[in-house]
Chemist: 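Could you have a look at this structure, given as structure tokens, before my questions?
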Amino acid sequence: MNRMRGLTIGIDASRSATERPTGTERYSTEVVRNMLEIGERHSWRLYRRNTAEFEDSLCVGRPNVEFVVMSAPRFWTHTRLAWEILRRPPDVLFIPAHVMPWRVSVPTVVTVHDLGHAAFPSTHTLTQRLYLEMTTRHHVSRAAHLIADSASTAEDLERRYGADPARVSVVHLGVDPHFSPAKSSEIEGIRHKLDLPEGSDYILHVGTLQPRKNLLRLLGAFARIATDYPKLSLVLAGGPGWGAEDYVGHARLLGIESRVLFPGYVAEADLAALYSGALIVVVPSLYEGFGLPVLEAMACGAPVATGRGSSILEVAGDAALFFDPLQVESIAATLREAIESPSERSRLARIGVERAASFTWRRCARQTLDILEQIGGSGYRSRRAS
């Protein structure tokens with residue numbers, strides 16, 4: 001019987017606690033934070049490009065956590081991180097939201113979040129496609145184990161890239177408890193902060209403004225129903241990605257420019273109130289590796305309408321209305337159905353909150369830590385955290 005021992009676990013934390021996190025950064029932050037809380041037996045090395053408040057919150061009272069801060073003008077992963085791993089190898093390296101070094105001397109576990117570049121290549125720039133294709137193939141061939149956000153992504157890894165199913169584990173993401181139905185005063189506060197029209201309802205989309213979010217079709221669908229609901233607005237909340245300049249022009253071309261609001265990036269602290277105040281949250285993405293906005297909206301008691309396909313069904317279950325994301329008329333018809341049926345919106349809100357409660361970051365972290373322990377320590381057995 002092997003003596004139980006702690007591992008030294010290295011983590012690329014360069015995408016944790018960033019100033020303006022999107023989905024992968026939130027995942028990186030939450031899975032790391034929760035693993036540190038349940039993995040007290042282990043020693044942790046968190047590799048970063050710079051210091052952050054994130055470190056203070058994790059280091060207090062945690063003598064088993066070491067932050068290794070390394071700077072590099074370019075190619076940080078393949079130069080500084082790779083060298084540090086070679087110089088002081090941990091038992092296992094975890095890459096939650098980036099790319100593993102081209103040469104790495106320890107068993108490495110990589111989370112693959114999204115294969116949209118392979119499913120819908122036209123929604124990515126050529127540079128993005130080449131980079132994502134190259135790094136995905138590298139992960140499949142060199143990582144000791146892969147974590148996929150969803151069964152859909154795992155199946156795509158196996159089907160498109162020939163990944164060994166025995167080396168791929170599905171670990172669903174979670175939702176923070178602060179994503180919950182907001183008070184009316186909080187909803188009014190965010191409406192005022194973002195200068196949303198008073199006395200009007202809004203359809204909400206949250207996510208970076210970029211082609212893979214399928215926003216041109218969403219604008220077309222909103223244009224088809226806008227005249228029937230003169231007090232209804234469409235709010236596209238998110239920072240600009242490539243091609244973002246097309247959306248304002250398209251809204252103008254459709255004659256709905258005054259009805260479409262672009263508040264920009266919304267801080268995580270404000271998202272719960274924004275979700276809670278929405279008449280409908282719509283996620284028309286062509287491909288999602290998980291679909292965190294769907295989960296967050298459900299947790300806040302917002303009715304959700306979303307596209308069929310990729311991972312969304314795993315997240316939403318029967319707690320959403322579904323449409324064909326490639327058909328403008330299908331999106332419009334589904335939005336109209338939700339608008340016209342308060343009872344259906346109430347039903348979706350109720351079962352959405354219940355379903356979202358089963359997706360927790362603690363469970364995500366526990367399953368991830370189990371994998372790291374298995375890969376990093378031969379015969380290692382952990383005492384599961386309560």
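Computed from heavy atoms alone, side chains included, the values below leave out hydrogens, waters and symmetry copies. If you're wondering where the values come from, they're calculated on a predicted model, not measured in any experiment.
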Chemist: Evaluate the side-chain proximity of L173 to F359: yes if any heavy-atom separation is below 4.5 Å, no if none is.
Modeler: no
Chemist: Is the shortest heavy-atom distance from the side chain of R217 to the side chain of L286 under 4.5 Å?
Modeler: yes
Chemist: Would a hydrophobic clustering, with Ile, Leu, Val, Met, Phe, Trp and Tyr connected at side-chain separations under 4.5 Å, put Y287 with V170?
Modeler: no
Chemist: Considering all heavy atoms of both residues, which atom of L204 and which atom of A278 are nearest to each other, and what is their separation?
Modeler: CB-CB, 3.8 Å
Chemist: Working note: L194 + I190, criterion side-chain contact (heavy atoms from CB on, under 4.5 Å); need CA distance, chi angles, decisive distance, verdict.
Modeler: CA-CA 6 Å; L194 299 183; I190 192 62; 3.9 Å; yes
Chemist: Same cluster for I371 and F290 if Ile/Leu/Val/Met/Phe/Trp/Tyr side chains link at under 4.5 Å?
Modeler: yes
Chemist: Show your working on side-chain contact (heavy atoms from CB on, under 4.5 Å) between L321 and E344 and close with a plain yes or no.
Modeler: CA-CA 9 Å; L321 296 176; E344 179 65 1; 3.5 Å; yes
Chemist: Rounded to the nearest 0.5 Å, what separates atom CD in E158 from atom CG in L146?
Modeler: 9.5 Å
Chemist: Can you find a heavy atom in the side chain of I147 that is under 4.5 Å from one in the side chain of V109?
Modeler: yes
Chemist: Can you name the nearest heavy-atom pair linking L348 to A320, along with the distance?
Modeler: CD2-N, 3.6 Å
Chemist: S28 and A97: which non-hydrogen atoms are nearest, and at how many Å?
Modeler: CB-CB, 4.0 Å
Chemist: In the structure I gave you, are the side-chain heavy atoms of I256 and F222 within less than 4.5 Å of one another anywhere?
Modeler: yes
Chemist: Is any side-chain heavy atom of F262 closer than 4.5 Å to one of L209?
Modeler: yes
Chemist: Does the side chain of I339 reach to within under 4.5 Å of the side chain of I225, using non-hydrogen atoms?
Modeler: yes
Chemist: Let me check something: do V110 and L132 share a hydrophobic cluster, defined by ILVMFWY side-chain heavy atoms less than 4.5 Å apart, either directly or through other members?
Modeler: no
Chemist: Decide yes or no for L157 and V140: does some side-chain heavy atom of the first lie under 4.5 Å from some side-chain heavy atom of the second?
Modeler: yes
Chemist: Does atom CH2 of W83 have more than 12 heavy-atom neighbours, drawn from other residues, nucleotides or ligands, at distances under 6.0 Å?
Modeler: no
Chemist: Is there side-chain contact between E354 and M298, with heavy atoms separated by less than 4.5 Å?
Modeler: no
Chemist: Is it true that atom CZ of R103 has more than 12 heavy atoms of other residues, nucleotides or ligands lying nearer than 6.0 Å?
Modeler: no
